[in-house]
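I have placed the structure first, in the form of structure tokens, so that the comments after it can refer back to it.
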Protein chains: 2
Amino acid sequence: MDNSLPSTEERILEAAKKVFHTRGFEGARMQEIANEAGVNKALVHYYFRNKENLFKAVFEDAFRRVVAKVKEIFVSDLTFPEKIETFLKYYISYLSQNSYLPLFIINSMYEKPGQLKEILDKIDFSPETLLVGIREQVRDELHLDIDPFHVYINILSLCIFPVVARPLIQTIFSYSNEQMTRFYEERTTETPVFILNALKGYENNSAK
Amino acid sequence: MDNSLPSTEERILEAAKKVFHTRGFEGARMQEIANEAGVNKALVHYYFRNKENLFKAVFEDAFRRVVAKVKEIFVSDLTFPEKIETFLKYYISYLSQNSYLPLFIINSMYEKPGQLKEILDKIDFSPETLLVGIREQVRDELHLDIDPFHVYINILSLCIFPVVARPLIQTIFSYSNEQMTRFYEERTTETPVFILNALKGYENNSAK
DNA sequence: GTCTATATTGTGATAGAC
DNA sequence: GTCTATCACAATATAGAC
């Protein structure tokens with residue numbers, strides 16, 4: 001484990017994460033990043049040369065983290081229901097700490113479409129790994145034969161959207177922060193039930 | 001019906017929608033809006049005074065449209081399964097034409113949290129209308145007694161997230177535009193099945 | 001109402017001392 | 001490596017002619 005104090009470069013990167021995640025590329029200010037890191041603006045340029053480079057570093061870090069966590073859960077020895085439960089439990093707690101992360105990644109894809117391609121080549125990530133795992137488990141454990149791709153997207157939708165749309169939900173329904181916390185706690189148990197119910201419903205039709 | 005040619009003010013607003021929707025508040029440039037409208041930059045300020053005002057007008061327009069459409073479907077005489085199918089069919093076609101709209105609204109809530117409050121007061125919109133309708137139908141048509149709020153969020157999640165995350169999905173899975181079109185077509189029929197299956201699954205447990 | 005020209009401020013980036 | 005000072009330009013906004 002690394003117990004040393006964070007280097008200047010690390011402090012700048014941490015500050016950049018905070019600012020880019022919440023404000024996006026266009027909204028971020030190099031000045032604010034410098035302030036957040038407790039250094040001068042010029043020093044930010046010294047380490048990362050320009051805004052574009054710094055953003056790239058932040059985006060890659062964010063994507064790596066999310067992928068690593070998803071893989072950690074979905075590529076494991078757990079049963080399918082356990083995976084869904086674990087995945088949701090992880091997302092509630094992880095995203096409540098990093099509620100800006102998924103929206104940051106989504107927005108970055110619109111602002112800088114090409115950037116993900118480079119990253120995908122660099123890191124060890126094949127979407128097939130995830131899909132194959134789901135396909136086999138849905139078939140062997142639940143005895144269903146349905147497209148795992150839609151199942152996968154459905155699971156992600158039900159996990160991520162409620163977090164991403166939090167300010168919208170909270171405003172429209174006039175929920176307090178405490179009510180929102182309870183809402184997300186409820187989803188931890190309710191969402192797996194919803195998903196597994198849906199999958200069981202296919203049993204009648206998929207006997208082909 | 002209004003057959004007259006669009007006024008200058010209308011042309012500017014249309015241009016502003018296009019630019020704000022795709023680039024967000026920070027990314028938008030008054031110059032680009034002026035170009036898009038075919039007028040001079042100064043004229044944009046003449047009609048809307050500043051960027052903030054123009055953005056407000058665009059955001060309000062977007063929110064009104066989305067709410068109007070959701071109400072049109074959910075507050076109707078259709079049965080619950082019909083509502084879900086209609087809603088999804090509408091969203092596939094509507095969002096494929098305006099794929100930037102939901103993300104624009106979500107982002108605006110982070111950038112300008114207070115703005116929605118004003119709008120909600122102005123327009124005729126009560127979230128209870130939507131929830132009450134769902135609650136009654138789930139109970140009377142499907143004979144279930146579950147929280148309509150989570151059902152409502154689940155439906156929205158399954159509709160909106162796949163559209164919002166399109167660039168991410170397309171890049172990760174290396175899908176062509178044609179494959180993405182087919183993906184969304186599939187969802188039009190698959191998502192209602194998924195949702196209704198999930199709801200039926202509650203029948204066993206909710207006999208209290 | 002619509003334009004050109006300009007004011008004014010903000011912001012990414014660099015030069016150069018220490 | 002870290003700072004201060006400054007450049008260069010981009011972007012919002014306004015003044016004033018027509």
Side-chain angles (χ1 to χ4, degrees), chain A residues 2-62 104 107-108 110-115, chain B residues 2 4-62 100 104 107-108 110-115:
Chain A
D2 187 6
N3 284 324
S4 59
L5 289 173
S7 68
T8 304
E9 184 170 355
E10 286 164 347
R11 287 210 331 273
I12 292 173
L13 186 61
E14 282 305 310
K17 282 189 209 175
K18 194 167 170 182
V19 175
F20 277 128
H21 285 179
T22 52
R23 302 204 190 282
F25 180 80
E26 295 288 348
R29 297 290 168 256
M30 297 299 269
Q31 183 64 62
E32 191 181 353
I33 293 170
N35 292 346
E36 192 74 38
V39 298
N40 192 276
K41 219 171 35 163
L43 210 55
V44 180
H45 283 90
Y46 173 78
Y47 279 106
F48 293 91
R49 225 191 59 200
N50 57 33
K51 193 179 179 181
E52 198 81 26
N53 270 342
L54 185 50
F55 180 81
K56 229 179 233 179
V58 170
F59 178 63
E60 180 165 340
D61 176 274
F104 168 72
N107 278 325
S108 303
Y110 284 88
E111 286 188 327
K112 317 270 173 191
Q115 215 143 96
Chain B
D2 187 7
S4 59
L5 289 173
S7 67
T8 304
E9 185 170 355
E10 287 165 346
R11 288 211 330 274
I12 292 173
L13 187 60
E14 282 305 310
K17 282 188 210 175
K18 194 167 171 182
V19 176
F20 277 128
H21 286 178
T22 51
R23 302 205 190 281
F25 179 79
E26 295 288 349
R29 296 289 168 256
M30 297 299 269
Q31 183 64 62
E32 191 181 353
I33 292 171
N35 292 345
E36 192 74 36
V39 298
N40 192 277
K41 224 176 17 168
L43 211 54
V44 180
H45 282 90
Y46 172 78
Y47 280 105
F48 293 91
R49 229 194 56 198
N50 57 34
K51 192 179 179 181
E52 197 82 24
N53 269 342
L54 185 51
F55 179 80
K56 230 179 231 180
V58 171
F59 179 61
E60 180 165 340
D61 177 274
Y100 41 76
F104 169 72
N107 278 325
S108 302
Y110 283 89
E111 286 188 328
K112 316 269 175 192
Q115 215 143 94

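Atoms considered below: every heavy atom in the structure, side chains included; atoms not considered: hydrogens, waters and symmetry mates.
Between B/Thr8 and C/dG1 there is no side-chain polar atom (N or O) within less than 4.0 angstrom of OP1 or OP2. Between A/His45 and C/dT14 there is no side-chain polar atom (N or O) within less than 4.0 angstrom of OP1 or OP2.
Remark: P of C/dG10 and NZ of A/Lys41 are 12 Å apart, rounded to the nearest angstrom. Taking atom CG on B/Asn40 and atom C1' on D/dA17, their separation rounds to 14 Å, with Å as the unit. Rounded to whole angstrom, the span from the CD1 atom of A/Ile33 across to the P atom of C/dG10 amounts to 18 Å. Look at CG on A/Asn50: it is 16 Å from C1' on D/dA8, rounded to the nearest Å. Straight-line distance from the CZ atom of A/Phe25 to the C1' atom of C/dT11: 12 Å, rounded to whole Å. Atom CD of A/Glu26 and atom P of D/dA10 are 14 Å apart (whole Å). One atom, OH of A/Tyr47, and another, C1' of C/dG12, lie 20 Å apart when rounded to the nearest Å. Note: CZ (B/Arg49) to P (D/dA15) measures 12 Å, nearest angstrom.
The side chain of B/Ala42 lies closest to D/dA15 when the candidates are C/dG12, D/dT12, D/dA15. Comparing atom distances between the A/Arg29 side chain and each of C/dG12, D/dT12, D/dT14 picks out C/dG12 as nearest. Here the nucleotide nearest the side chain of A/Leu43, chosen from D/dT2, C/dT2, C/dA13, is D/dT2.
Residue-level contact check: B/Tyr46 touches the bases, meaning some heavy atom is under 4.0 Å from a base atom. Note on B/Ala34: nothing from the nucleic acid sits closer than 4.0 angstrom, heavy atoms only.
Rounded to the nearest 0.5 angstrom, A/Tyr46 OH and A/Glu9 CD are separated by 9.5 Å.
Cation-pi geometry between B/Lys51 and B/Phe25 is satisfied (NZ or CZ under 6.0 Å from the ring centre, within 45° of the ring normal).
At a threshold of 4.5 Å between non-hydrogen side-chain atoms, the residues A/His45 and A/Leu54 do not count as touching.
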*Please lay out, stage by stage, how B/Gln31 and B/Asn35 fare under the test side chain to side chain donor-acceptor pair (under 3.5 Å).*
CA-CA 6 Å; B/Gln31 183 64 62; B/Asn35 292 345; 3.0 Å; yes
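A salt bridge links B/Lys112 and B/Glu52; the closest N-O separation between the charged side-chain nitrogens and carboxylate oxygens is under 4.0 Å.
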